[in-house]
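What follows is a single structure, written as structure tokens, with notes after it.
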Amino acid sequence: MNLQLTEQQEMLRAMARSFAEGEIAPIAHTIDAEEKIPDSLRKKLRDSNFFALLIPEEYGGVGVDAVGYVIVMEELARASAAVAITVSVHNSVAAGPIAKFGTDAQKSCWLPRLAKQWLGAFALTEPGSGSDSAALTTRAERRGEEYVLNGSKTFVTNGKYADVFVLLARTSQEQKHRGITAFLIERNAPGLKIGKNIDKMGIRGSDTVELVLEDCRVPAKNRLHDEGRGFRVAMQTLDGGRIGVAAQALGIAQASLDAASRYARDRYQFGHPIGDFQAIQWMIAEMRTEIEGARLLTLQAAWMKDQDIPYGPYASMAKLKASAVARMAADRAVQIHGGYGYTKEFAVERYYRDAKVTELYEGTSEIQRIVIANSVLHPKDGKGTT
Ligand SMILES: Cc1cc2nc3c(=O)[nH]c(=O)nc-3n(C[C@H](O)[C@H](O)[C@H](O)COP(=O)(O)OP(=O)(O)OC[C@H]3O[C@@H](n4cnc5c(N)ncnc54)[C@H](O)[C@@H]3O)c2cc1C
């Protein structure tokens, strides 16, 4: 593995950083306070191709590799974790499975629109099934050339504005995992209702909604992959998504370190900048070291994905580590800011709230540990990963 970024990757970082610092950072506080990404910023993100990142070039996308994607996601999240997750869900868990599992007709139908115009969402979680996602109960019954879906989904990121949903439903009651099928459901599908908005602790600028499906009719041609293969679609989609969340966590952690070190230089107590005190230096040193370690793990998982090497447990390790580092770094950043870190005047308060979710979505830290432990104890190749 070459640890040197290519010239193209460096350019991608410079472009993403310049966009994030110029267009997102100045309004990140307002996005959080008003719980909305302004339409003008959505348009700029769209015009700068952030919603086309993972879509292959032949379908009008940019087709960046996973390493490039991590670099961009970290830069966006450094300015606003809410904006980063909006872009990440669209690319990696909505457009991603269409690109990977879609038929030529499905790819030609949806990917160009997702690259240029539409927003995507991913609906797996239900009120009764979170970590145990294979226990989902939304039913899809085949009737002629349609499926009729009934049930509900929750925690759907981007759901308020999404034009198309990758949605998982049960087509067989007999089998748990193999009874699940993936569908592509357009926003105007008859019987699909966008439900209540979920009021959250952090990433408040990212919309999260419930969905209700009442006799929702979906053409059979909108089935993604075969009947009974939906759980596989979902799990492989989440493997990739976890690298994106790890990158998001890195961005929050790096923003926390940037803010903490700035404040440590500027804030005087006892006649010295607080950065002169060893207690503060140790916190900064720990933050820096942990961030570098988490970044290496995240880039490794992304590099493995690019090389087509099985990377599932590495994506879990990256997410587990980077999310813990984000929470630690945001906590230390608030500590270094003292009482001011607890106020809305400083961005570290937002980082502290935003960091937590990276330990929860796209599989909690407990679920990542299960994936990692299984890869060691029950390796698929019989050799183990250690
Ligand atoms: C802001 C936000 C956005 C989200 N966006 C999406 C989205 O776009 N699409 C989507 O489908 N979902 C989304 N989710 C849902 C998210 O993926 C789930 O919340 C997550 O998978 C956990 O499920 P749960 O909340 O039902 O918790 P539960 O599964 O009920 O877990 C509760 C606790 O028990 C632990 N636990 C559960 N099972 C085990 C076990 N076997 N061993 C040890 N511990 C266990 C968990 O780790 C957790 O600590 C989002 C969630 C949030 C908060």
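Each ligand, and each atom within it, is numbered from 1 in the order the structure gives.
When only non-hydrogen protein atoms are considered, atom 43 (C) of ligand 1 lies nearest to E366 CB, 4.0 Å. Summary of contacts: the protein heavy atom closest to atom 17 (O) of ligand 1 is E362 N, 3.5 Å. Among protein heavy atoms, atom 50 (C) of ligand 1 sits closest to F155 CB, 3.5 Å. At the shortest separation from atom 41 (N) of ligand 1 among protein heavy atoms lies I370 CD1, 3.7 Å. Of all protein heavy atoms, the one closest to atom 39 (C) of ligand 1 is I367 CD1, 4.2 Å. From the protein, the heavy atom lying nearest to atom 20 (C) of ligand 1 is L360 O, 3.6 Å.
Side-chain contact annotation: T358 with S323, donor-acceptor N/O pair under 3.5 Å absent. A donor and an acceptor atom, one from each side chain of K200 and T208, are located under 3.5 Å apart. At a cut-off of 3.5 Å, with distance as the only test, a side-chain donor of S316 or Q368 sits close to an acceptor on the other residue. No side-chain donor-acceptor contact under 3.5 Å links R46 and Q117. Side-chain N/O atoms of E227 and Y147 include a donor and acceptor closer than 3.5 Å.
Below 3.5 Å of separation, one finds an N or O of L124 facing an N or O of ligand 1. On a distance-only criterion, V156 and ligand 1 share no N/O pair closer than 3.5 Å. The shortest N/O to N/O separation between T157 and ligand 1 falls below 3.5 Å. For T364, a nitrogen or oxygen atom sits less than 3.5 Å from a nitrogen or oxygen atom of ligand 1, counting backbone and side chain alike.
No side-chain heavy atom of T298 sits less than 4.5 Å from a side-chain heavy atom of E74.
When non-hydrogen atoms are compared, ligand 1 lies under 4.0 Å from neither the backbone nor the side chain of K153. With a 4.0 Å cut-off on non-hydrogen atoms, V357 touches ligand 1 through its side chain and not its backbone.
When S365, S206, G202, S131 are ranked by how near their heavy atoms come to atom 38 (N) of ligand 1, first place goes to S131. Between A94, A82, G130, it is G130 that holds the heavy atom closest to atom 24 (P) of ligand 1. In this comparison of I85, V245, T125, the heavy atom closest to atom 18 (C) of ligand 1 sits on T125. Nearest-residue assignment for atom 2 (C) of ligand 1 (options F165, F122, Y361; heavy-atom criterion): Y361.
Side chain of R42 to main chain of P38: no donor-acceptor pair is present (N/O by atom type, distance under 3.5 Å, no hydrogens or angles). Not a single donor-acceptor pair under 3.5 Å links the side chain of S133 to the backbone N or O of S129.
Cation-pi geometry between R242 and Y361 is not met: the NZ or CZ atom fails to fall both under 6.0 Å from the ring centre and inside 45° of the normal.
Closer than 4.0 Å to atom 33 (C) of ligand 1 lies none of the heavy atoms of the protein. When distances from atom 9 (N) of ligand 1 to the protein are checked, a heavy atom turns up under 4.0 Å.
If you number the atoms of ligand 1 from 1 as listed, the ones under 4.0 Å from a heavy atom of K200 come out as 1 (C).
In this pair, Y263 and H337 present their aromatic rings parallel. The plane angle is below 30°, not in the 30 to 60° band. Using bins of under 30°, 30° to 60° and over 60° for the plane-to-plane angle, the ring pair F270/F277 lands in the perpendicular bin.
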Practice item. List the steps, then state whether side-chain contact (heavy atoms from CB on, under 4.5 Å) holds for T364 with I367. Key: CA-CA 5 Å; T364 62; I367 295 304; 3.4 Å; yes
